[in-house]
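Not measured: the values here are computed from a predicted model. Chain letters run A, B, ... following the sequence lines, proteins first, then strands; residues in each count from 1. Quick note: numbers below take in every heavy atom, side chains included, and nothing from hydrogens, waters or symmetry partners.
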Amino acid sequence: MTAEDHKNEGKIDRGRYAEERRVQEKMAAVEAEDSKTYFSRELLIWYDRSKRDLPWRRHRDPYFIWVSEIMLQQTRVDTVIPYFNRFIERFPTIRDLAEAPQEDVVKMWEGLGYYSRARNLQAAAQQIVELHGGQMPSEREHVFALKGVGPYTAGAILSIAFNRPEPAVDGNVLRVLSRYFLIEDDIAKPKTRIMMEKMIPELIPEGRASDFNQALMELGALICTPKSPHCLICPVMEHCRGRIEGRERDLPVKTKAKKPRPEQRLAVLLEGSGERAGRVLVRRRPNTGLLAGMWELPHVAAGGEDLGLDAAQLGELLEDRGLSWSPMSPYMTAEHTFSHIHWTMRVLIAREEPEALAQLAAESGVPYEAAVPEAAELDGAEGIANDGADEEWRWISREDMSAIAFPNLFLNILNKYFSGEGEQE
DNA sequence: AACTCGGGGTA
DNA sequence: TACCCAGAGTT
């Protein structure tokens with residue numbers, strides 16, 4: 001063997017080593033890429049075959065997509081469907097929504113929860129009319145700037161309506177990707193969502209952003225469900241690391257929420273007398289905070305110890321309105337759980353005493369009729385009439401309930417009352 | 001990062 | 001019960 005041969009042999013060895021390493025790297029890349037392309041391919045095949053027929057999937061109208069996405073925030077598909085259909089029927093275009101009285105928009109949202117969504121939706125509709133001629137913009141910057149549109153909804157509108165390869169990472173996507181790629185990061189942390197968002201674009205097959213993002217969520221909703229995922233019928237089970245390693249029930253990792261704090265409240269169902277017979281007194285909540293702008297029975301915080309003490313405070317509330325009343329008696333108790341508060345609402349019932357009211361009004365020099373607003377004001381509601389009011393009171397009849405929005409708690413109480421179920425405790 | 005903001009379905 | 005749902009806005 002010559003010196004030259006030794007030299008060549010060394011070269012060959014180094015070359016062979018480098019070659020083997022390139023092959024290994026390539027195979028690892030192919031394997032990794034395979035797992036991803038497999039996922040995207042099988043997911044789309046499954047979706048094309050088994051996607052649900054949903055109202056907002058019948059057209060690719062950005063307005064429909066947008067409304068559905070806002071309604072679907074923290075809300076199940078089955079719950080949203082009837083609301084969506086009624087909403088689109090009442091407000092067929094963005095301009096119709098922008099020009100509607102706010103009361104009407106909130107009324108259409110009644111029972112759906114998270115009522116600021118309704119307010120923001122209309123505000124955004126007005127943004128779109130003013131800035132974009134009533135057409136949903138298709139640039140990320142403009143979509144994201146709309147009120148009530150965050151990272152998920154922006155991505156959903158851009159991908160589903162405009163087929164842009166943008167991530168739309170919701171709870172479903174976090175769960176599906178956590179399991180498929182065996183990601184143990186806490187999905188409650190924003191950092192995890194951002195990481196998933198970075199993974200999405202390379203998973204989206206060319207030209208299929210709309211279907212892909214919807215397929216991902218559809219899989220989470222139908223197959224890769226939170227408690228017991230249906231791995232045996234999952235279209236991507238073969239390469240799902242979570243399932244392969246038997247960890248699908250441990251994923252995703254998520255810090256658990258605190259339980260709602262208990263609050264005792266005391267409400268009054270005050271029945272009108274004389275000209276206001278058949279009506280009850282309600283008030284409108286402030287435009288910010290819990291149940292913003294919704295109507296309710298008057299109520300106060302209750303200590304829970306002494307009912308008489310709490311009732312006295314409730315009485316003061318009425319006195320401030322220039323009202324007097326017959327003795328209050330227990331009517332019913334209702335429970336209601338929000339995300340962070342649990343209400344126990346005791347409801348008292350009483351009847352207005354017009355004589356005393358007239359006397360009070362005479363003493364204070366306030367005309368009887370002016371002491372309390374009449375329900376007739378309902379007719380003259382011109383949209384912005386109530387927008388700035390921090391608090392408003394009305395006497396309403398059963399019929400008036402179709403015009404103003406109540407949270408479910410009071411809806412149930414009032415429906416029971418007006419349907420004549422005199423449920424005394 | 002933690003809290004606020006509804007209501008209901010599901011195991 | 002406990003958990004979660006096609007999350008966003010505020011602090």
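Exactly one of A:Val67, A:Val80, A:Asp170, A:Leu54 qualifies for a side chain to side chain contact (heavy atoms under 4.5 Å, CB included) with A:Leu72. That residue is A:Val80.
Between the side chains of A:Arg119 and A:Gln102, at least one donor N or O sits under 3.5 Å from an acceptor N or O.
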Kindly determine whether A:Phe338 and A:Trp343 satisfy ring pair (Phe, Tyr, Trp, His ring centres under 6.0 Å), including the steps that lead there.
CA-CA 8 Å; A:Phe338 303 96; A:Trp343 270 356; 4.9 Å; yes

Candidate pair A:Tyr83 and A:Trp109, rule ring pair (Phe, Tyr, Trp, His ring centres under 6.0 Å), full reasoning:
CA-CA 7 Å; A:Tyr83 280 91; A:Trp109 214 269; 7.6 Å; no

What's the verdict on salt bridge (Lys or Arg N to Asp or Glu O under 4.0 Å) for A:Arg279 and A:Glu271, showing C-alpha distance, side-chain angles and the deciding distance?
CA-CA 6 Å; A:Arg279 297 177 182 174; A:Glu271 304 177 287; over 6 Å; no

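Counting distance only, with no hydrogens placed and no angle test, the side-chain atoms of A:Thr153 and the base atoms of C:dG7 include no donor-acceptor pair under 3.5 Å.
For the pair A:Lys258 and B:dC3, the criterion of a side-chain N or O lying under 4.0 Å from OP1 or OP2 is met. Side-chain nitrogen and oxygen atoms of A:Asn120 include none within less than 4.0 Å of the OP1 or OP2 phosphate oxygen of C:dA8. For A:His336 and B:dG6, the shortest distance from a side-chain N or O to OP1 or OP2 is not below 4.0 Å. For the OP1/OP2 pair of B:dC5 and a distance below 4.0 Å, the side-chain nitrogens and oxygens of A:His340 include at least one atom meeting the criterion. Distances shorter than 4.0 Å separate some side-chain N or O of A:Arg175 from OP1 or OP2 on C:dC5.
Within 6.0 Å of CD on A:Gln135 lie no more than 12 heavy atoms contributed by other residues, nucleotides or ligands.
Applying a 4.0 Å cut-off to non-hydrogen atoms, the residues of residues 41-55 of chain A that approach DNA chain C are A:Arg52, A:Leu54, listed by residue number. Across residues 200-230 of chain A, A:Met217, A:Pro226, A:Lys227 each have a non-hydrogen atom less than 4.0 Å from an atom of DNA chain C (numbered order). Of the residues in residues 61-97 of chain A, those placing a heavy atom less than 4.0 Å from an atom of DNA chain C are A:Glu69, A:Leu72, A:Gln73, A:Gln74, A:Arg76, A:Val77, in numerical order.
Remark on DNA chain C: of its neighbouring residues A:Gly150 and A:Ile187, the 5'-side contact belongs to A:Ile187, judged by nearest-heavy-atom nucleotide. Residue A:Lys189 is the one, among A:Thr337 and A:Lys189, whose nearest nucleotide of DNA chain B lies closer to the 5' end (criterion: closest heavy atom).
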